[in-house]
Amino acid sequence: MTIQLNDSTLLKTQAYIDGQWVDGDKGETFAVTNPATGEHLADVASVGADETRRAIIAAEKAMVSWKALPAKTRSELLERWYSLIIDNQEDLAVLMTAEQGKPLFESRGEVAYGASFIKWFAEEGKRVYGDIIPSTADRRGVVVKQPVGVVAAITPWNFPNAMIARKVAPALAVGCAMVLKPAAETPLSALALVELANRAGLPAGLFSVLPGINAQAIGGEMTSNTIVKKVTFTGSTPVGKLLMKQCADTVKRTSMELGGNAPVIIFDDADLDAAVAGVLVAKYRNSGQTCICANRILVQEGIYDAFIEKFAAAVKGFRVGNGMDADSTHGPVITEKAATEIHAKVQSAVAEGATVVIGGQAGSQGACFYEPTILTNVTDKMRVFREEIFGPVAPVFKFSTEEQAIAMANDTQFGLAAYLYTENMGRVWRVSEGIDYGMVGVNETAISSEVIPFGGMKESGQGREGSKYGLDDYLETKYICIGGLNR
Ligand code: ADP
């Protein structure tokens, strides 16, 4: 076996449908490979529209008794699932690093982060309150919150555990059932997660996991099937737009966590060391493959040179390598194609006048590696300003005034996360309120946790995950008019 686990039964390669581990109807499989080594890890069952339909029908059936349970009983299952995830944290982390590439310490962190959503929503699901609205003497308006129905979820490869956990936890907590298609690059983390849910006592049909190489077939069934009442998606903006269009025919609700183009605005009055430390994490975590990664670093002219010097010195200290090696600080990117696309953006910037301060080429460690890179002399006309880079490349732009920084930050169709570094309290408020982003980190880039509402504005999506607001995405608001009170 190529992946060494304490509990080898967590390595699952079949689909999980209606409480059973099954092959795809046609017996098709797809290969999962380790991006750090190119090693073949597993062949996983590939399902299509028919299996997806069966999972959706099973979900509808399972939901009948699930939603009727007291919230406390649903919560207890989620708590057991949480404990099993924590107990198996190391195995889940090893699986993740093997299929996704991130360093083991990041994988361990993600498993804990994902589990925190399960615990949070186990607790929060008990607090789904309604309202009583006084209207006239003979009537009252009662507002109740009810589970939205069967939910279909589609998730990406960059956080193979947490992007699932923060969708399935609120859905199950409020009484919904879910069918999930994980990314084809990283199905093993998803399958191990549902195996642990199964061990926690998950009722058959309530949460099916549908790995598959034919995303259109699975997504097509999810978005057209009238049983499905809601689609929740994390991934690229083009695919999100496509899914929204597909959902329009049956007027499904959607939650979309899409691309970002995060600015980090560093003002002359910033704590320079804190800003450098913040950008290092915001830019290079997961080798730059997070939707809230710093994409554009905007530095005020007075500290620009000092910032570049300290930033480059810190990046030189990175140890890029196989995420399984304890001394690797940064791993590969997900595929060779991704590395090629990242290089194309760098080359296009250089052709238009950008300067490579450090990096700028494919890494020597393997086909999926790209050197941590810093670019200067970059402009707002370049692809590295306009597009999400999704790789370890930091373009550093220069600005003069606060107004200019706000305009540059907003000059994008995206609006997920933004960050600013300043010691001026007035500026903190002016800029935070002046930029069009769903999340703003002030003197901090590690902004995400289960207790905060994660989500974007503009073409970065709609809906929020985590926090008390994260429940709303899985609830319908029903108004009941109680009349005749004078009789
Ligand atoms: P990325 O470029 O990061 O892989 P994608 O948006 O392509 O982002 O993928 C995110 C998820 O969406 C993955 O699970 C992928 O398989 C799925 N996906 C991609 N295209 C489609 C589609 N046409 N219909 C349904 N799901 C899709």
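Order of appearance sets the numbers: ligands from 1, and atoms from 1 within every ligand.
Judged purely by atom type and a 3.5 angstrom limit, N158 uses its side chain to pair as donor or acceptor with the backbone of Q289. R253 places a side-chain N or O within donor-acceptor distance of the main-chain N or O of L475, the cut-off being under 3.5 Å.
Within ligand 1, counting atoms from 1 as listed, the ones closer than 4.0 Å to a heavy atom of I154 are 11 (C), 12 (O), 14 (O), 17 (C), 25 (C), 26 (N). For ligand 1 and A183, the ligand atoms under 4.0 Å from any heavy atom of the residue are 14 (O). Heavy-atom contacts of K181 reach the following atoms of ligand 1: 14 (O), 15 (C), 16 (O), 17 (C) (cutoff under 4.0 Å). Of all the atoms in ligand 1, the ones that sit under 4.0 Å from a non-hydrogen atom of L242 are 23 (N). Remark: ligand 1 atoms within the under-4.0 Å shell around heavy atoms of S236 are 5 (P), 6 (O), 7 (O), 8 (O). Within ligand 1, counting atoms from 1 as listed, the ones closer than 4.0 Å to a heavy atom of V239 are 6 (O), 7 (O), 18 (N), 19 (C), 20 (N), 21 (C), 27 (C).
Both the sub-6.0 Å distance and the 45° axial angle are satisfied by R166 relative to the ring of F454. Relative to the ring axis of F311, K283 does not place its NZ or CZ within 45° and under 6.0 Å from the centre. Relative to the ring axis of F414, K458 does not place its NZ or CZ within 45° and under 6.0 Å from the centre.
The 12-atom threshold is not exceeded at CD of E336, counting heavy atoms of other residues, nucleotides or ligands nearer than 6.0 Å. Within a 6.0 Å radius of OH in Y469, other residues, nucleotides and ligands contribute 12 heavy atoms or fewer.
When only non-hydrogen protein atoms are considered, atom 25 (C) of ligand 1 lies nearest to A215 O, 3.4 Å.
Annotation: T155 places an N or O atom under 3.5 Å from an N or O atom of ligand 1; distance criterion only. Residue Q216 has no N or O atom closer than 3.5 Å to an N or O atom of ligand 1. Geometrically, ligand 1 and W157 share a nitrogen or oxygen pair separated by less than 3.5 Å.
Contact annotation: the side chain of D411 approaches that of F385 to within less than 4.5 Å [non-hydrogen atoms, C-beta and beyond].
Here F390 has no heavy atoms under 4.0 Å from ligand 1, in either its backbone or its side chain.
For atom 9 (O) of ligand 1, the nearest protein heavy atom lies 4.0 Å away or farther.
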